[in-house]
J.: 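Could you have a look at this structure, given as structure tokens, before my questions?
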Number of protein chains: 2
Amino acid sequence: MGISKIDKMHSLSKNQQIIFDLIDKSPEPLKAYTILFNVQKKGIKAPLQVYRALDKLVEIGKIHKIESRNAFIACHNSSCQVAKATAFSICEICEKVTEISSAGLSKYLANFKDKDGMKYSKYNLEFFGLCKKCR
Amino acid sequence: MGISKIDKMHSLSKNQQIIFDLIDKSPEPLKAYTILFNVQKKGIKAPLQVYRALDKLVEIGKIHKIESRNAFIACHNSSCQVAKATAFSICEICEKVTEISSAGLSKYLANFKDKDGMKYSKYNLEFFGLCKKCR
DNA sequence: TTATAAATGTTATATTATTACATAGTGTTA
DNA sequence: TAACACTATGTAATAATATAACATTTATAA
Ligand SMILES: [Zn+2]
Ligand SMILES: [Zn+2]
Ligand SMILES: [Zn+2]
Ligand SMILES: [Zn+2]
């Protein structure tokens, strides 16, 4: 994995990089105030600094928000550099979250039309169940 | 629409009924504190009274939570009396929310298996776009 | 350089949700 | 009925999540 075009297009600012690094190396989704606590030693002192970086990172698709958990996870799915079509599985016991990367699912949802014939290019899907370990 | 078996099984308590009625007659999803404000004249004074009723109503499938909006909408889809498999379309301009009732979609998602072969009976899907009026 | 947009720093505040504990109602069974 | 379990309610306090407002600085580009 070299430096792709899209990486260069969105070189991160200092705060964005600090916060992305933290989320990226975390094995689990992180909440905003957990992030705040963990980056205070790096000089990020206020909630707003965290939320601004999170907003930007979500916007450019480097991270995603898990809406049902108010938590953030790094994107490891090269096909969703734009944060508009996401799917996750969430374990209801251990709270493990995995981004789902399925061409079939993406295609089905991208082509889905509602009763009015409306198509939606943007969606968020969260599946809930028990992970391997918790079953 | 007579009184169905399932309606009887979950006869609502006073607070639950007050809060359900408000949500049910609302043309748009309601937030918890909007609900609180609107039911104070009926004697419901504290946030917890609202959240407890909301939790129960979600649990029995009378309402759904729109996770990306922290708001609640009544279920008008007889097929999802259990609050475990939901899909919505959300207009990003006027915030109109519609519950999607599509046998095809439900079937596809209920049968979807991830890379580990895991099936999920519970999910929440939120589509985003522009509604008819806002297009 | 000058203008513009993006990002930062800081304080205060708004919004959303839960903990803890006491009390009251409801339905079931001995 | 009386005892019990279960559900729901009332109330106060607080925790957790997120944004408004304003001043300043840094990066980008014409
Ligand atoms: Zn992704
Ligand atoms: Zn698990
Ligand atoms: Zn429904
Ligand atoms: Zn609209």
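What you see below is based on every heavy atom in this structure, not just the backbone, and it leaves out hydrogens, waters and symmetry mates. Note that this is a predicted model, so its numbers are computed, not measured. Chain letters run A, B, ... following the sequence lines, proteins first, then strands; residues in each count from 1.
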J.: Grouping I, L, V, M, F, W and Y whenever their side-chain heavy atoms are under 4.5 Å apart, do B:L30 and B:I90 come out in a common cluster?
T.: no
J.: Rounded to the nearest Å, what distance is computed from the CZ atom of residue B:F37 to the C1' atom of nucleotide C:dA14?
T.: 16 Å
J.: Flag the pair B:K122 and A:E92 as a salt bridge only when some basic side-chain nitrogen lies within less than 4.0 angstrom of an acidic carboxylate oxygen.
T.: yes
J.: Please tell me which of A:N15 and B:A32 maps to the more 5' nucleotide of DNA chain C, matching each residue to the nucleotide holding its nearest heavy atom.
T.: A:N15
J.: How close or far is atom C1' of C:dT8 from atom CD1 of A:I18, stated in whole angstroms?
T.: 12 Å
J.: Would you say A:K14 places a side-chain N or O within less than 4.0 Å of OP1 or OP2 belonging to C:dA7?
T.: no
J.: Let's see if you can work this out: which of C:dA7, D:dA20, D:dT11 has an atom nearest to the side-chain heavy atoms of A:L48?
T.: D:dA20
J.: Side-chain N or O of B:K31 less than 4.0 angstrom from OP1 or OP2 on C:dT15?
T.: no
J.: Let me know the distance between OH of A:Y51 and C1' of C:dT11, rounded to the nearest Å.
T.: 17 Å
J.: Is the distance from OP1 or OP2 of C:dG9 to the nearest side-chain N or O of A:Q49 less than 4.0 Å?
T.: yes
J.: State which residue, out of A:L54, A:D24, A:I63, A:L36, fulfils the side-chain contact (heavy atoms from CB on, under 4.5 Å) condition with A:I19.
T.: A:L54
J.: So, is B:N70 close to the D:dT17 phosphate, meaning a side-chain N or O under 4.0 Å from OP1 or OP2?
T.: no
J.: Quick one: is A:S13 getting a side-chain N or O under 4.0 Å of the C:dT8 phosphate, OP1 or OP2?
T.: yes
J.: Do A:Y33 side-chain and D:dA18 base share a donor-acceptor contact under 3.5 Å?
T.: yes
J.: Where does the angle between the aromatic ring planes of A:F127 and B:Y123 fall among parallel (under 30°), tilted (30 to 60°) and perpendicular (over 60°)?
T.: perpendicular
J.: What's the CZ-P distance between A:R52 and D:dA18, to the nearest Å?
T.: 16 Å
J.: Could you state the atom-to-atom distance from NZ of A:K45 to C1' of C:dT11 in whole Å?
T.: 13 Å
J.: D:dA18 phosphate, OP1 or OP2: any side-chain N/O from A:K65 under 4.0 angstrom?
T.: yes
J.: In whole Å, I'd like the distance from the CZ atom of A:R69 to the P atom of C:dA17.
T.: 13 Å
J.: Can you measure from CG (A:L57) to CG (A:L12) and round to the nearest 0.5 angstrom?
T.: 6.0 Å
J.: Over how many whole Å does the gap from B:Q16 atom CD to C:dT26 atom C1' extend?
T.: 13 Å
J.: Figure out the CG/P separation between A:L36 and D:dA16, and round it to whole Å.
T.: 13 Å
